[in-house]
Amino acid sequence: MGVNKEEISKTILELEKAFNERWSVGDNRGYLDNYAEDISYFDPIEKDLIVGRDATIAHIEAIYSDPHIVRNEYLNPVVHVSDGGDFAVLAYNLDTYVLDDNGNERQLRAWNATEAYRLTDGEWRIVHSNWAFAQTATDAIAS
């Protein structure tokens with residue numbers, strides 16, 4: 001029996017959306033509880049890579065507050081699944097929206113997100129996470 005990459009891709013995208021929807025309304029535990037023990041994590045506000053579940057959770061807990069996001073747009077999702085079906089990389093753009101003081105929706109952030117998932121004991125765990133602002137330069141640069 002072969003690996004059903006389409007089904008795995010669907011599962012990974014559903015997991016990611018579920019974690020992110022919880023995050024958006026003040027519950028960061030979806031992501032935090034899913035992180036593998038050996039996760040590596042790039043945060044755009046940190047120069048260095050964060051390694052390990054405890055260090056990653058401590059970092060996020062120190063900076064996280066309810067972002068009051070009212071809508072997310074998951075754009076251009078691509079999932080690459082290993083031939084063995086036990087590793088997958090998800091990349092997508094995420095636009096987040098909040099309400100302004102007048103109750104009008106405005107964009108909060110635009111992200112480039114990459115999540116690497118590994119199947120461990122029948123559960124998909126995030127082993128690498130990279131969140132980057134979608135646009136940090138306005139001119140074309142090579143380095």
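Scope of the values below: all heavy atoms of this structure, side chains included, with no hydrogens, waters or symmetry mates.
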Query raised in the report: Same cluster for Ile12 and Phe87 if Ile/Leu/Val/Met/Phe/Trp/Tyr side chains link at under 4.5 Å?
Result: no
Query - Flag, side chain of Arg71 to backbone of Asp95, donor-acceptor distance under 3.5 Å - result: no
Report summary line: Smallest heavy-atom separation, Val3 atom then Ser82 atom, equals CG1-O, 4.3 Å
Report task. Give the minimum heavy-atom separation between Ser129 and Ile39, together with the two atoms involved. Result -> CB-CD1, 4.4 Å
**Report entry** Donor-acceptor side-chain pairing of Tyr41 and Glu46 below 3.5 angstrom
**Finding:** no
Requested in this report: Would you indicate whether the side-chain heavy atoms of Ile69 and Leu108 approach each other to under 4.5 Å?
Outcome: yes
Report task. Kindly state each residue pair satisfying ring pair (Phe, Tyr, Trp, His ring centres under 6.0 Å) with at least one member in residues 6-37, sequence neighbours excluded. Result -> Phe19-Tyr31, Trp23-Tyr31, Trp23-Tyr64
Report summary line: Residue set satisfying side-chain contact (heavy atoms from CB on, under 4.5 Å) with Ala113, at least two apart, ordered chain then number -> Tyr92, Trp131
Query raised in the report: Within the distance-only criterion (no hydrogens, no angle test), does the side chain of Asn102 pair as donor or acceptor with the backbone N or O of Asn104 below 3.5 angstrom?
Result: no
Query raised in the report: What about Leu90 and Tyr74, same hydrophobic cluster or not, with Ile/Leu/Val/Met/Phe/Trp/Tyr joined at side-chain heavy-atom distances under 4.5 Å?
Result: yes
**Report entry** Minimal non-hydrogen separation, Ala36 against Arg53, with atom names
**Finding:** O-CB, 3.4 Å
Query raised in the report: Any side-chain donor-acceptor pair under 3.5 Å between Asn93 and Asn112?
Result: yes
Requested in this report: Test Asp33 against Arg22 for salt bridge (Lys or Arg N to Asp or Glu O under 4.0 Å), laying out the working first.
Outcome: CA-CA 12 Å; Asp33 291 345; Arg22 289 176 63 180; 5.1 Å; no
Requested in this report: Decide whether Val127 and Trp124 are clustered together by the hydrophobic rule: side chain heavy atoms of Ile, Leu, Val, Met, Phe, Trp, Tyr closer than 4.5 Å, transitively.
Outcome: no
Report task. Report the hydrophobic cluster partners of Leu49, with the cluster defined as I, L, V, M, F, W, Y residues connected by side-chain heavy atoms closer than 4.5 angstrom, directly or transitively. Result -> Phe42, Val51
